[in-house]
J.: 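Right, I'll just put the structure down here and ask away after.
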Amino acid sequence: MKLANQVVVLDFETTGLSPDNGDRAIEIGAVKLVNGQIVDTFQELINPGQRVNSFIEQYTGISNDMLKHALVSKQVMGQFSKFIDGFNLVAHNASFDKKFLDAEFSHSKLHYNGQFACSLLLSRRISQEAPNHKLGTLVDHHQLPNDGVFHRALADATMTSHLWLHQIDVLQQQLPKQAITIELINKISSLPKAQIARYLRTMS
DNA sequence: TGCCAGGCCCTCTTTAGGGCCTT
C-alpha cells in the first residue's frame, strides 16, 4: 500500500515549456514527506548549457549569472535519483514536471520507479469552490504556510507539499475508513467532476 | 514557408474550439 503522505513533492524551473523544443531544467526543488512530515529537502540550480531568456530570468529570479557556475544536469539528476528512490512523486500540474523529469533523466540514462500524482487535477475535483487552481491562488485560498517566494523550485515544492497534505486531510475527513493512497487519489483525479460527490459518498 | 507544448476539461461538442495550468 502506497500512502499518499509518503511522497516526494517536486518542482522544476525551466528555460521554457517544452523539452521537445529543447527547453531544459534550470532548478529543481523537492520536499520529502514521511508520515505527513517534511523529513528532507532537495534544491539545486542546474546549468542548462544555453542562455536563459529575459522572461524566465524575471519570472524565476534565476539569472544567467547564477547558472554560470551551477552543476550540470547529469550531476544534479544523479543526486536526485537517489533522493527519490523508493518514493512516489507529486507535483502541481504533474504532466509538466514529469515530462521534464523524464527528459532530464533520459539525457543521463537514469530511471525512476515512482508513480506521479497531481495536486492540480485533485484540486479541480475536491476544491471546486476555489477561484482558480493556480498554486499561488490555492495557497491563499486554503491559507497555507508560505514565505512569500514564488517561482523558485524549493519554495514552490514546499507550498505544494502543504497543499498536498491539506488535500489528504480533506479526503481523510470525507473517507474516514479509507487509507488515503496514491492509487485512491489518482482514481479520484481521473473521475469526471460531476461524479466526485457520489463517488465519495459510496466510498465513505 | 510554416511550424511554434500539450494534456485536461468544458460546451453553443463529438466532422471543434478555446480556456486553464505548468516555465
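Note on naming: letters A, B, ... go to the chains in the order of the sequence lines (proteins, then strands), and numbering restarts at 1 for each one.
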J.: Between His92(A) and dC21(B), does any side-chain N or O lie under 4.0 Å from OP1 or OP2?
T.: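 For dC21(B), OP1/OP2 do not have a side-chain N/O of His92(A) under 4.0 Å.
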J.: Quick one: Asp23(A) CG to dG6(B) C1', roughly how many Å, whole number?
T.: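 Nearest whole value for this atom pair: 13 Å.
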J.: Answer yes or no: is there a donor N or O on one side and an acceptor on the other, between the side chain of Glu27(A) and the main chain of Leu154(A), under 3.5 Å?
T.: no
J.: Please give, in whole Å, the distance from dG7(B) C1' to Asn93(A) CG?
T.: 8 Å
J.: Between Arg125(A) and dC9(B), is there a contact of a side-chain N or O with OP1 or OP2 at under 4.0 Å?
T.: yes
J.: Can you give me the N/O atom pairs linking the protein to nucleotides 2-4 of chain B at distances under 3.5 Å, or say none if there are none?
T.:
none

J.: Side chain of His151(A), heavy atoms from C-beta onward: which of dT23(B), dG6(B), dC8(B) has the nearest atom to it?
T.: dT23(B)
J.: Is it the case that the side chains of Gln167(A) and His142(A) hold a donor-acceptor pair, with the cut-off being a distance below 3.5 Å and no angle test?
T.: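 No, no side-chain donor-acceptor contact under 3.5 Å.
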J.: From the list dT23(B), dC20(B), dG6(B), which nucleotide is the closest neighbour of the side chain of Arg124(A)?
T.: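 Selected nucleotide: dC20(B).
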J.: Where the side chain of Phe96(A) is concerned, which of dC8(B), dC21(B), dT23(B) is the nearest nucleotide?
T.: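 For Phe96(A), the side-chain atoms sit closest to dT23(B).
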J.: Side chain of Lys193(A) only, heavy atoms from C-beta on: which candidate in dT23(B), dC10(B), dT22(B) is closest?
T.: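 Nearest nucleotide to the side chain: dC10(B).
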J.: Select one nucleotide: of dT23(B), dC21(B), dC8(B), the one nearest the side-chain heavy atoms of Asp11(A).
T.: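 Among dT23(B), dC21(B), dC8(B), the one nearest the side chain of Asp11(A) is dT23(B).
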J.: Check whether Phe42(A) forms a cation-pi arrangement with Lys32(A) (NZ or CZ under 6.0 Å from the six-membered ring centre, at most 45° off the ring normal).
T.: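 Judged by the rule (NZ or CZ under 6.0 Å from the ring centre, within 45° of its axis), Lys32(A) is not positioned above Phe42(A).
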